[in-house]
Amino acid sequence: MPARAYWQGQIRLALVSIPVEIYSATKSGAAISFKQIHEPTGKPIHYEKVVTGVGPVDTDEIMKGFEFEKGNYVLLDQDEIDAVKLESKKTLELTQFVDADEIDVLYYEKPYFVVPADDLAEEAFIVLREALRRTRKVGLGQLAMRGREYVVSLKPCGRGMVLETLRYADEVNKAQGYFRDIPDSKPDEDLLDLAETLIAKKSGPFHPQEFHDRYVDALKELVERKRKAKGGKIIEDAEGDAPRKGGSNVVDLMAALKKSVEKGGGAAAAPAKKAPARKAPAKKRA
């Protein structure tokens with residue numbers, strides 16, 4: 001377990017308080033980062049703080065400004081900004097419980113592992129965990145951490161629990177603005193059956209370790225080859241067919257789905273059962 005918790009405090013449910021520790025459940029990936037280099041000298045390029053018509057300025061002359069209208073700013077000292085930061089409260093009060101599927105995936109932001117802080121907290125921790133599991137509910141509350149307040153959810157996860165910070169409503173775009181031009185039409189039943197069969201063929205358990213960032217892998221390989229080539233230029237043509245432009249008609253889609261089902265490429269390790277045939281809807285009695 002990491003030596004330092006991200007947050008320490010207590011979860012409160014009515015009159016019950018459970019001391020807990022929270023640890024980040026994710027880590028940054030192995031992304032490749034680049035610096036800008038001055039080619040003739042091979043030295044990195046630095047950036048200066050400059051003002052138009054003035055030139056470079058000292059850092060102690062720089063303030064933070066909020067643009068309330070075009071070209072006009074309210075200037076704020078860092079001390080003024082720090083004064084309104086919320087203190088990290090040591091209590092997460094669960095004020096509401098909802099069904100997990102009521103929270104749209106767009107609201108979930110970052111997960112944290114939650115563990116009991118000590119042996120004395122374990123019994124109450126396990127009771128809360130199993131109560132959430134039995135009722136299939138997610139606990140909600142608000143928590144101040146590192147200067148800002150978050151809406152958070154709490155749910156069971158194996159022997160522990162997971163706390164997830166949630167986005168506020170004004171941070172999530174409305175889907176209707178993006179989906180309104182998609183026609184509200186019913187798909188062809190034959191096409192739908194083929195698509196369901198293809199999904200059944202490719203169904204299987206989720207193994208996250210089987211997925212890799214192929215772009216990062218390719219960049220690492222390129223860097224190593226470039227290092228061995230001692231500066232020689234390495235450019236390769238991209239493989240694969242270029243994507244087709246324009247829409248496809250039903251005949252093309254039908255042929256593509258049939259061919260995909262016949263090939264069954266990338267099928268899951270455990271063969272999935274064939275999807276049951278569709279039953280005709282029962283006729284209503286007069």
Side-chain angles (χ1 to χ4, degrees), residues 6-7 9 22 24-93 95-96 98 101-112 138 140-154 162-184 213-216 218-219 238 242-243 245-247:
Y6 185 83
W7 181 87
I22 293 175
S24 180
T26 59
K27 57 185 177 181
S28 57
I32 298 292
S33 60
F34 296 99
K35 291 185 176 181
Q36 289 190 326
I37 304 297
H38 181 232
E39 186 179 9
T41 62
K43 294 181 179 180
I45 294 174
H46 301 286
Y47 292 91
E48 291 183 310
K49 303 284 187 179
V50 297
V51 176
T52 303
V54 176
V57 297
D58 295 329
T59 55
D60 57 2
E61 296 178 329
I62 299 174
M63 297 181 68
K64 291 188 176 180
F66 176 79
E67 189 175 23
F68 61 92
E69 60 183 32
K70 187 68 174 178
N72 291 313
Y73 301 87
V74 173
L75 300 183
L76 298 170
D77 288 317
Q78 187 60 47
D79 291 342
E80 294 175 306
I81 297 173
D82 291 340
V84 298
K85 284 185 177 179
L86 296 174
E87 291 185 10
S88 295
K89 295 180 180 178
K90 295 301 181 182
T91 300
L92 166 59
E93 184 167 0
T95 57
Q96 186 182 359
V98 300
D101 57 6
E102 284 189 30
I103 304 176
D104 194 294
V105 294
L106 295 174
Y107 286 91
Y108 287 107
E109 190 173 33
K110 187 174 181 181
Y112 297 86
V138 172
L140 296 179
Q142 287 185 276
L143 182 64
M145 293 189 297
R146 303 196 175 183
R148 63 164 293 190
E149 191 171 45
Y150 299 87
V151 180
V152 299
S153 68
L154 185 70
V162 164
L163 177 145
E164 293 181 84
T165 56
L166 303 178
R167 297 180 177 90
Y168 287 97
D170 59 1
E171 296 178 301
V172 177
N173 291 325
K174 299 297 182 184
Q176 293 89 331
Y178 299 89
F179 298 159
R180 69 164 64 97
D181 293 332
I182 300 175
D184 186 18
D213 190 329
R214 294 175 293 181
Y215 176 65
V216 171
L219 275 179
K245 294 183 179 180

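Below, all heavy atoms of this structure are taken into account, side chains as well, without hydrogens, waters or symmetry copies.
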* Counting heavy atoms not belonging to Asp184, are there more than 12 under 6.0 Å from its CG? -> no
* Asked: Does a side-chain heavy-atom distance below 4.5 Å link Met63 with Leu76?
  -> no
* Asked: Partners of Tyr168 by ring pair (Phe, Tyr, Trp, His ring centres under 6.0 Å), sequence neighbours excluded?
  -> none
* Asked: Residues two or more places apart in sequence or in another chain: which of them pass side chain to side chain donor-acceptor pair (under 3.5 Å) with Lys64?
  -> Gln78
* Structure fact -> Residue set satisfying ring pair (Phe, Tyr, Trp, His ring centres under 6.0 Å) with Tyr112, at least two apart, ordered chain then number -> Tyr6
* Evaluate the side-chain proximity of Leu219 to Phe34: yes if any heavy-atom separation is below 4.5 Å, no if none is. => yes
* Rounded distance [0.5 Å steps], CG in Leu75 versus CD in Glu80 -> 9.5 Å
* Find out whether Leu140 and Ile103 are in side-chain contact, i.e. whether some heavy atom of one side chain is under 4.5 Å from a heavy atom of the other. => yes
Please tabulate, one pair per line, all N/O donor-acceptor pairs under 3.5 Å involving side-chain atoms of residues 42-51, not counting sequence neighbours.
residue : atom : partner : partner atom : Å
Tyr47   : OH   : Gln36   : OE1          : 2.3

* State the CG-CD distance between Leu166 and Gln142, to the nearest 0.5 angstrom. => 10.0 Å
* Spacing of Ile22 atom CD1 and Leu92 atom CG [to the nearest 0.5 Å] -> 7.0 Å
* Asked: Looking at Tyr150 and Met145, what are the two nearest heavy atoms and their distance?
  -> CE1-O, 3.6 Å
* Heavy-atom side-chain proximity of Leu163 to Trp7 below 4.5 angstrom -> no
* Quick one: side chain to side chain donor-acceptor pair (under 3.5 Å) partners of Glu93, sequence neighbours excluded? -> none
* To do: Provide the closest heavy-atom pair for Glu171 versus Arg148 in the form atom of the first, atom of the second, distance.
  => OE2-NH2, 4.3 Å
* Counting only N and O atoms by type, is there a donor-acceptor contact under 3.5 Å from the side chain of Asp104 to the main-chain atoms of Leu106? -> yes
For residues 65-73, tabulate all N or O donor-acceptor pairs below 3.5 Å that involve a side-chain atom, not counting sequence neighbours.
residue : atom : partner : partner atom : Å
Glu67   : OE2  : Gly71   : N            : 2.9
Glu69   : OE2  : Asn72   : ND2          : 2.5

